[in-house]
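Take a look at the structure below.
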Amino acid sequence: MTQVKMGTKAVWAGEKEYLVHGATQVPVVLSVAYGYEDMDEWYEVAIGNKKGHIYGRNTNPTVQAFEDKVKTLEGAEAATSFSTGMAAISNTLSTFLVPGDRIVSIKDTYGGTNKIFTEFLPRQEVEVVLCETGNHEEIEREVAKGCKILYLETPTNPTVKITDIERMAKAGHAAGALVVVDNTFATPMNQNPLALGADLVIHSATKFLGGHADALGGVVCGSKELVEKIYHYREINGATMDPMAAYLILRGMKTLHLRIRQQCKNALALAKYLQTKDIVEGVYYPGLETHPNHEIAKKQMKNFGGMLSFSVKGGMDTVRHLLPKLQFVNRAANLGAVETTVGPARTTSHVECTPEERAAMGIPEGLIRVSCGIEEIEDIIADFEQAFKHAEDAIKVK
């Protein structure tokens with residue numbers, strides 16, 4: 001499907017092989033085991049010489065359809081899936097890192113990822129170096145000292161900072177490192193890290209891929225050789241995607257191109273509106289010309305995504321007055337859904353971190369993350385306007 005456009009791929013990729021009995025939709029296969037009358041055929045499937053399935057912890061037809069769709073959208077040779085996005089991240093790192101290895105990353109990764117870097121990997125005697133996000137020279141210097149993995153997240157969660165993937169991939173490969181990119185915020189519709197030189201791309205499929213906040217999942221895409229190693233680690237350690245979750249995410253992906261188009265449009269409009277509010281200290285969205293990495297984002301992204309964040313004067317006091325007054329949002333620790341979702345970093349992306357740890361990552365307590373939905377943007381802006389008025393009045397009275 002190389003010549004087919006992305007919107008068509010989102011609908012059709014990876015599905016036809018799994019349709020049965022004339023159905024137009026991939027079925028949910030809930031069977032744990034798959035039987036064979038021929039012992040030799042069973043063995044050939046079991047060792048991977050022949051296509052098929054033997055046990056649900058290893059593979060499943062519904063799950064495989066999901067993997068095939070994602071790998072097509074990312075332009076990858078192979079993909080393997082997981083029960084959650086964090087399972088995809090942790091299994092990938094655990095596949096390749098052993099005691100004595102060194103990993104280089106950035107300070108602004110998702111809170112769960114940051115905990116792996118600051119808490120779990122050091123326990124396993126893996127050296128972790130976290131560089132200032134956006135400081136490409138510092139990252140290059142640290143990578144040149146030697147590392148097994150260069151791990152990037154761009155745009156970052158929740159500060160929406162941008163790293164030059166192509167430049168960093170060249171630096172990583174010059175040092176013999178694997179370059180891994182978390183592409184959750186951008187989605188394959190807006191950014192394809194493999195085409196920019198990355199070796200592996202990770203998604204929390206729970207987010208934009210599924211798009212309806214009703215299924216957990218994760219996925220890693222890349223070369224057949226690398227993905228097979230990750231798959232082997234996952235099949236033994238057991239963080240398997242559930243077939244029903246695979247079906248729900250697969251169904252959600254059929255509208256991915258439509259949702260992302262609207263979410264990008266809404267995010268840019270909301271970001272521009274937020275820049276007009278005196279109570280807002282800063283707006284962080286790569287589609288704004290004021291974003292420090294706007295030019296890099298223009299170079300490597302097709303559009304700027306549905307995620308933004310902003311900080312308010314008064315910190316958490318303002319947040320407490322502002323967010324409860326919003327009518328057309330979910331105040332929840334999720335993103336990428338069709339509904340607009342908001343929340344401060346301390347209860348969403350970095351709830352695992354202390355205030356001091358968040359401050360060290362450049363995340364103020366008054367930072368609000370916004371995942372734009374597909375609503376009419378005029379209604380969302382009007383909703384924020386009345387909520388801002390309430391917050392401003394409440395703070396003045398206080």
Side-chain angles (χ1 to χ4, degrees), residues 1 6-15 18 25-26 28 60 62-76 78-89 91-92 110 112-113 153-155 157 180-194 198 200-222 227 230 239-264 267 301-303 305-307 332-339 341 349 371-374:
M1 302 184 76
M6 290 290 279
T8 305
K9 289 180 182 180
V11 175
W12 289 99
E15 298 204 8
Y18 301 94
Q25 304 301 315
V26 174
V28 184
N60 170 278
T62 313
V63 173
Q64 199 161 10
F66 160 71
E67 294 168 347
D68 287 351
K69 187 181 290 288
V70 180
K71 80 174 184 182
T72 301
L73 292 179
E74 283 290 8
T80 192
S81 58
F82 303 84
S83 53
T84 66
M86 281 309 303
I89 294 168
N91 277 247
T92 298
Y110 169 64
T113 309
E153 179 183 300
T154 181
N157 183 1
V180 183
V181 178
D182 183 334
N183 201 33
T184 300
F185 265 29
T187 83
M189 293 296 153
N190 290 327
Q191 182 173 271
N192 298 113
L194 299 179
L200 293 166
V201 56
I202 294 178
H203 289 275
S204 173
T206 310
K207 310 303 192 298
F208 286 103
L209 295 187
H212 293 79
D214 56 6
L216 291 168
V219 64
V220 177
C221 305
V227 171
I230 300 167
T240 306
M241 176 178 273
D242 178 74
M244 191 65 202
Y247 168 78
L248 290 170
I249 298 170
L250 194 64
R251 182 176 66 171
M253 288 181 69
K254 287 177 180 287
T255 59
L256 182 62
H257 67 303
L258 295 175
R259 290 186 283 106
I260 293 300
R261 184 188 304 164
Q262 183 68 18
Q263 286 165 315
C264 291
M301 300 179 75
K302 302 178 186 73
N303 210 324
M307 298 298 304
N334 190 36
L335 62 93
V338 292
E339 306 92 2
T341 306
S349 62
S371 172
C372 290
I374 63 170

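Atoms CZ and CE, on F208 and M189 in that order, are 12.5 Å from each other to the nearest 0.5 Å. Residue M301 holds its CE atom at 7.5 Å from SG of C264, rounded to the nearest 0.5 Å. Here M241 contributes atom CE and T80 contributes atom OG1; the two are 9.5 Å apart, rounded to the nearest 0.5 Å. The CD atom of Q263 sits 9.5 Å away from the CE atom of M307 when rounded to the nearest 0.5 Å. Here the straight-line distance linking atom CE of M6 with atom OG1 of T72 works out to 9.5 Å at 0.5 Å rounding. Once rounded to the nearest 0.5 Å, the distance linking OG1 of T187 with CE of M253 reads 9.0 Å.
N192 is listed as a side-chain neighbour of K302, based on a closest heavy-atom distance under 4.5 Å. Put simply, the side chain of P188 reaches to within 4.5 Å of the side chain of H203, judged on heavy atoms. Annotation: side chain of L256 is in contact with side chain of L73 (closest heavy-atom distance under 4.5 Å).
Pairing each heavy atom of G305 with each of A267, the nearest pair is O-CB, 3.5 Å. Nearest heavy atom pair, residue Q191 against residue P193, reads O-CD, 3.6 Å. Closest approach of S371 and G336 over heavy atoms only: OG-N, 2.8 Å. Taking every heavy atom of both residues into account, A76 and C221 meet most closely at CB-CB, 3.7 Å. Across all non-hydrogen atoms, the minimal contact from V227 to G222 is CG2-N, 3.5 Å. For N60 against P243, the heavy-atom pair with the smallest separation is ND2-CG, 3.5 Å.
Side-chain atoms of E74 and N183 form a donor-acceptor pair, as typed in the model, at a separation below 3.5 Å.
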Residues 62-69 side chain polar contacts: donor-acceptor under 3.5 Å, at least two apart:
| from | atom 1 | to | atom 2 | distance (Å) |
| --- | --- | --- | --- | --- |
| T62 | OG1 | P27 | O | 2.7 |
| T62 | OG1 | V29 | N | 2.9 |
| E67 | OE2 | S81 | N | 3.0 |
| E67 | OE2 | S81 | OG | 2.7 |
| D68 | OD2 | Y18 | OH | 2.8 |
| K69 | NZ | A10 | O | 2.8 |
| K69 | NZ | V11 | O | 3.1 |
| K69 | NZ | A13 | O | 3.0 |
| K69 | NZ | E15 | OE2 | 3.1 |

(message) Working note: E339 + I374, criterion side-chain contact (heavy atoms from CB on, under 4.5 Å); need CA distance, chi angles, decisive distance, verdict.
(response) CA-CA 6 Å; E339 306 92 2; I374 63 170; over 6 Å; no

(request) Assess whether side-chain contact (heavy atoms from CB on, under 4.5 Å) is satisfied between K207 and N334, documenting all intermediate values. (result) CA-CA 7 Å; K207 310 303 192 298; N334 190 36; 3.4 Å; yes

(request) Carefully, step by step, assess N190 and I260 under the rule side-chain contact (heavy atoms from CB on, under 4.5 Å). (result) CA-CA 8 Å; N190 290 327; I260 293 300; 3.5 Å; yes

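Tested against F82, the residues L216, I202, T240, V220 include a single side-chain contact (heavy atoms from CB on, under 4.5 Å) partner, V220. The side-chain contact (heavy atoms from CB on, under 4.5 Å) with N157 is formed by just one residue from the set T113, L335, T184; it is L335.
Looking at T84, its side chain does come within 3.5 Å of a backbone N or O of A87 through a donor-acceptor pair. Judged by distance alone, with hydrogens and angles left aside, the side-chain atoms of R259 form a donor-acceptor pair with the main-chain N or O of G252 at under 3.5 Å.
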